[in-house]
Amino acid sequence: QVQLLESGGGSVQAGGSLRLSCAASGITYGRYCMTWIRQAPGKEREGVARISTDGITTYADSVKGRFTISRDNAKKTLYLQMDSLNPEDTGMYYCAAAADWRTWCTARRIGAEFDYRGQGTQVTVSS
C-alpha cells in the first residue's frame with residue numbers, strides 16, 4: 001500500500017519559515033519524481049516545486065528564490081524548505097509522486113498529474 005505522509009505545516013507570520021517533510025512508503029522511492037502541490041481556498045491547485053530522481057529541481061515562479069525542494073532517497077523522504085513566507089503562500093500542501101518514466105516528470109506545468117498524493121499539511125501565513 002502506497003502512503004505519502006506530510007508533516008511540518010503550521011501557522012507562521014509573514015517573513016517566517018517552515019520546513020515540510022513527506023515520508024513515503026510502498027513505492028520504490030528512487031524511481032519516482034516528487035512534487036509539492038498546494039491548494040488554497042477558492043484558488044486552483046498549484047504545483048510549487050518538483051525534483052527528479054537525479055535531483056534536478058523545478059520551481060513555480062511564485063516561489064523561486066524562497067522555497068527549496070530536496071529529497072533523501074535513503075530515508076524515502078521529501079522536503080520543502082520555505083523561507084520569506086507571505087500570506088499568499090497559505091494553503092494545504094501536498095506531496096505527490098510520479099513514476100520517472102512519466103512525461104509528467106518533465107512537463108512544463110509542475111504537478112498537473114501524478115500517480116500518488118498524500119493527505120496534505122496545512123500552512124497558514126498571517127500578515
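There is a path of hydrophobic side-chain contacts, each under 4.5 Å, that joins L4 to V48. Hydrophobic clustering (ILVMFWY, side-chain heavy atoms < 4.5 Å, transitive): I51 and Y116 are in one cluster. In terms of hydrophobic clustering, with Ile, Leu, Val, Met, Phe, Trp and Tyr side chains grouped at heavy-atom distances under 4.5 Å, L18 and Y93 are assigned to a common cluster. L80 and L5 fall into different hydrophobic clusters, where Ile, Leu, Val, Met, Phe, Trp and Tyr are joined by side-chain heavy atoms under 4.5 Å apart, directly or via other members.
You'll find the side chain of S21 stays beyond 4.5 Å of the side chain of E6, heavy atoms only. Under the 4.5 Å side-chain criterion, counting only non-hydrogen atoms from C-beta, W36 is not in contact with R50. Contact check for V125 versus Q13: no side-chain heavy atoms found under the 4.5 Å cut-off. A 4.5 Å side-chain heavy-atom check between M82 and V123 finds at least one atom pair inside the cut-off. Under the 4.5 Å side-chain criterion, counting only non-hydrogen atoms from C-beta, L20 is in contact with T121.
Side chain of N86 to backbone of A14: no donor-acceptor contact under 3.5 angstrom is found. No side-chain donor-acceptor contact under 3.5 Å links E46 to the backbone of I37. The main-chain N or O of T53 is never found under 3.5 Å from a side-chain atom of R31 such that the two would form a donor-acceptor pair.
More than 12 heavy atoms of other residues, nucleotides or ligands lie within 6.0 Å of CD in Q122, so this atom counts as buried by the packing criterion.
Of the inter-residue distances, the one linking R109 atom CZ with T58 atom OG1 reads 15.0 Å to the nearest 0.5 angstrom. Note: T90 OG1 to K43 NZ = 8.5 Å, rounded to the nearest 0.5 Å.
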Atom pairs and distances, side-chain donor-acceptor, residues 63-75, under 3.5 Å, sequence neighbours left out:
| residue | atom | partner | partner atom | Å |
| --- | --- | --- | --- | --- |
| K64 | NZ | D61 | OD1 | 3.2 |
| R66 | NH1 | S84 | O | 2.9 |
| R66 | NH1 | D89 | OD2 | 2.8 |
| R66 | NH2 | S62 | O | 2.9 |
| R66 | NH2 | D89 | OD1 | 3.0 |
| R66 | NH2 | D89 | OD2 | 3.4 |
| R71 | NE | N73 | OD1 | 2.8 |
| R71 | NH1 | Y32 | O | 2.9 |
| R71 | NH1 | S52 | O | 3.1 |
| R71 | NH2 | Y29 | O | 2.9 |
| R71 | NH2 | Y32 | O | 2.9 |
| R71 | NH2 | N73 | OD1 | 3.4 |
| D72 | OD1 | A74 | N | 3.1 |
| D72 | OD1 | K75 | N | 3.1 |

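Pairs engaging residues 27-83 under the disulfide (SG to SG under 2.5 Å) rule: C33-C105 [sequence neighbours left out].
Both cation-pi conditions hold for R117 and Y94: the charged atom is under 6.0 angstrom from the six-membered ring centre and inside a 45 degree cone around its axis.
Put simply, the residue from T77, T35, L78 that forms a side chain to side chain contact (heavy atoms under 4.5 Å, CB included) with C95 is L78.
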| request: Go through the steps to decide whether K76 and S25 satisfy the test side-chain contact (heavy atoms from CB on, under 4.5 Å), and finish with yes or no. | output: CA-CA 7 Å; K76 297 186 178 181; S25 61; over 6 Å; no
